[in-house]
Protein chains: 2
Amino acid sequence: MPTDLTKKVCKRSQKRCFNVYLLGRFRIPKEIFFVTWEQVLKMRFETSTIKDIAKALGLSTSTVSRALRDRYEISEETKKIVLAYAEKVNYRANPIARSLKERRSYSIGIIVSEIANNFFSQVINGIESIAYNKDYHVIISQSHESYKQEKLNVEHLASRSIDGLLIALSSETQDIDYLRDLYAKGLPIVFFDRVPENFETHKVIANNFKGSFDATEHLILSGKRVIAHLTNSETLSNTKERLEGYKAALTKYHIEFKPELVKYCQHGGMHSAELEQAVKELLPLKPDGIFISSDRLTTGCILALKNTNPEVAHKIAIAGFTNSNLVELFSPSLTSVKQPAFEIGQVATELLISMIEAKRPITEFETKILDTELVRMKKNLGNRFL
Amino acid sequence: MPTDLTKKVCKRSQKRCFNVYLLGRFRIPKEIFFVTWEQVLKMRFETSTIKDIAKALGLSTSTVSRALRDRYEISEETKKIVLAYAEKVNYRANPIARSLKERRSYSIGIIVSEIANNFFSQVINGIESIAYNKDYHVIISQSHESYKQEKLNVEHLASRSIDGLLIALSSETQDIDYLRDLYAKGLPIVFFDRVPENFETHKVIANNFKGSFDATEHLILSGKRVIAHLTNSETLSNTKERLEGYKAALTKYHIEFKPELVKYCQHGGMHSAELEQAVKELLPLKPDGIFISSDRLTTGCILALKNTNPEVAHKIAIAGFTNSNLVELFSPSLTSVKQPAFEIGQVATELLISMIEAKRPITEFETKILDTELVRMKKNLGNRFL
DNA sequence: ATTCTTCATGCAAGCGATTGCATCATTTTT
DNA sequence: AAAAATGATGCAATCGCTTGCATGAAGAAT
């Protein structure tokens, strides 16, 4: 790629010729330019390689490689020399070369709907805490709750040779055959938060049933009787589980379950119109409490309430899943169900890495269920500042 | 790595022997196991390579490679055949191999303090929007406002052969020599939001001066006269610029600048104690307005106010930098300065990619300044629901 | 007809690291 | 003393892809 060279233009086709390099009118010895360009490339990140060390120490590259990896074949003495020299020249193994040779990249892919979502960013922190310790890198992608985007990202990651995948499905996703394909080809996958049925692998979720039960029960115990339920796409695993928790609490207190009080949001609250519509449909039923089943929906619903019906916004008790650390700032205030996001990330990562590093195919899979925490609304606070 | 083999234990040293493989008591022909293991590795991600295509089509790998890359040397006919076949077998170039050969990875590193911060997650969305289009991958790392972590992450990324780096410095960072080193070695770097002085490269920032001026002026025009300023680490570029904007607004309205009304938070509000301390020191000065200069500080300060001095929290007017999309939910409500986060990400990425792909060293650098937006508090809303 | 261009393709050398096996000197065992 | 085992190291192939250059055929220019 000798940019200093004029390439001759072919008279016939008017395209640039190849194999013919001109400097002015003279054919020139290419070496001059090639060497220059090569040097430029070499200079860029002039890091020492195993070869350099080998040459400097009068050893072979294999010996150096083995010494660096602390293999038993190499004598202690040699190891010491190699290690010392490597340290001196600040040698870093080229991870790309290693990946090529070892057919793995020491990186794991993460797919979440939005990193801006508190729950997911906390999960990611959990993932990183484990991954970095075990010397894995993480590559984060966002699906923005779109199936198409999700699939694209996963395939992009797969082509980048990730060693494993951690994924929370988008609210749109129904068809996970593309994941099955990759899984069948040997890509370890661990699902978290939003997990599919009929997919035999490790999964990590919050105790959605209990979280919902607790939140709903809390509303009931505060005297609410007409409790609506605003929730995510019907297809998501946690939507179902949370609905069950809600129902169970109603049952326990002998409150009749009314399907019309349940509203699903296909896009998980990505569009505010969706939420406003749901709120609009719900209000005529005069709910005195709403239980909301996801982070984005919770904040979105309060916003929608405030925007469309400010006069009732403060009269309806709200309990919802959210990992926002700003809940205390919200007005109207609410009771929140916090998922153990950080831990979910940690556990999922541990499972994934165990799969990646397993010597032989795994046949036993677990679904880990971690408890949620109910953070009750500070009652007085809520009123004092109203 | 033939795991099916028992390695004989050396009687002398009690270590496992090498070069000697046993199956039960018999020395066995190693090939059997090696082949098996190789096959397992092969099977994992059984993707077709250029070699496979070449063999199937009776061409050389060079021709296939060139055809796939649409080089002019190859005839249209051959290209068509190769492309069709590649499509058929769903060929994907191995990016690792390509990276090794080309000495670049087609990925760019991002360092932010927290992805959970709305500003940064929006920046990241902007970065992705450009990067993915140009076929670059992004790798996100968080410094958590720690210098040590930041340096570690940058070096980790660099060793992963990123092609370029987008970075917003942590609030702790003072010494950027490690970045200078990498830059000198040829790593393109673009700074955004928190940029260093004396570093000749592209930078992208918000118009911090004007943003601060506007916010402060807004407070003044609402009748406030004792306006405190809560801000980030004194060393950050935007801290200085925002302070200047604040001062300029005071000057314009003939309000005396009082240094004691300015409080710096070294850790950018990562520790709530830091904020509570600042609030505690500020309140005795009886401010009737506070201008806060960063996302995390803004929310953190309101929280601290509410927690420590709920009785005054609603009496002090607050204006602050924040990109939170939940501002409308906050109580007390506030006036916010929104940075053009998405655009900052886009512009920074475009600049970075232009550096990466530049044919020759760049000597002219730009600092792009994008305008902020002032979102005024909804006055009635603020009161009606109090 | 001869020489020069133009086109199309293949050869082979890397990129940096890993690793099976050969080699050889040195024990240890029989 | 001969045979076997051990210990330390090097050779060379390989991962998948890119690319400078050689090659050889066909067409154009002289």
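Below, chain A is the first sequence line, B the second, and so on; all start at residue 1.
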Completion exercise
Contacts of B:Asn133 meeting side chain to side chain contact (heavy atoms under 4.5 Å, CB included) (sequence neighbours excluded), chain-then-number -> none
Problem - Contact residues, residues 80-99 of chain B to DNA chain C [heavy atom, < 4.0 Å] - result: none
Exercise for the section: May I ask you to verify if any side-chain N or O of A:Arg66 is less than 4.0 angstrom from the OP1 or OP2 atom of C:dT18? Expected result: no
Exercise for the section: Determine the contact category for B:Ile50: base if any of its heavy atoms lies under 4.0 Å from a base atom, sugar-phosphate if only primed atoms, P, OP1 or OP2 are that close, otherwise nothing. Expected result: sugar-phosphate
Handout entry: Side-chain heavy-atom pair B:Val154, B:Leu182 within 4.5 angstrom cut-off
Key = yes
Problem - D:dT18 OP1/OP2 closer than 4.0 Å to side-chain N/O of B:Ser65 - result: yes
Problem - Within 45° cone and under 6.0 Å: A:Arg180 NZ/CZ vs A:Tyr178 ring - result: no
Exercise for the section: Whole angstrom is fine here: how far is it from CG in B:Leu100 over to P in C:dT18? Expected result: 12 Å
When you compare the protein's N or O atoms with those of nucleotides 12-14 of chain C, which come within less than 3.5 Å of each other, and at what distance?
| from | atom 1 | to | atom 2 | distance (Å) |
| --- | --- | --- | --- | --- |
| C:dG14 | N2 | B:Lys101 | NZ | 3.1 |
| C:dG14 | N3 | B:Lys101 | NZ | 3.1 |

Handout entry: side-chain hydrogen bond (donor to acceptor under 3.5 Å, both in side chains) partners of B:Thr173, counting only residues at least two apart
Key = B:Glu150, B:Ser170
Problem - For B:Ser60, all residues meeting side-chain hydrogen bond (donor to acceptor under 3.5 Å, both in side chains), sequence neighbours excluded - result: B:Ser62, B:Thr63
Exercise for the section: Tell me, please, which residues at least two apart from B:Asn125 pass side-chain hydrogen bond (donor to acceptor under 3.5 Å, both in side chains). Expected result: A:Gln142
Handout entry: Gap between atoms CG and C1', on B:Leu59 and C:dA8 respectively (whole Å)
Key = 11 Å
Handout entry: Partners meeting ring-ring contact (aromatic ring centres under 6.0 Å, His included) with B:Phe365 (sequence neighbours left out)
Key = B:His202
Problem - Distance test, side-chain N/O of A:Arg71 to OP1/OP2 of C:dT19, below 4.0 Å - result: yes
Exercise for the section: Using five base pairs at each end, measure the axis-to-axis angle across the helix from C:dA1-D:dT30 to C:dT30-D:dA1 and round it to 10 degrees. Expected result: 50°
Handout entry: Residues that A:Tyr183 engages under ring-ring contact (aromatic ring centres under 6.0 Å, His included), provided they are two or more places apart
Key = A:Phe199
Exercise for the section: Look at the side-chain N and O atoms of A:Arg103 and state whether any lies under 4.0 Å from the OP1 or OP2 oxygen of D:dG16. Expected result: yes
Practice task
Could you name each residue pair satisfying salt bridge (Lys or Arg N to Asp or Glu O under 4.0 Å) that touches residues 55-68 of chain B, not counting sequence neighbours?
Solution key: none
Identify all side-chain donor-acceptor contacts of residues 85-93 of chain B below 3.5 Å with residues at least two apart in sequence or on another chain.
| from | atom 1 | to | atom 2 | distance (Å) |
| --- | --- | --- | --- | --- |
| B:Asn90 | OD1 | B:Arg92 | NH2 | 3.0 |

Problem - Results of side-chain hydrogen bond (donor to acceptor under 3.5 Å, both in side chains) for A:Glu350 - residues two or more places apart only - result: none
Problem - Distance below 4.0 Å between A:Thr63 side-chain N/O and D:dG10 OP1 or OP2 - result: yes
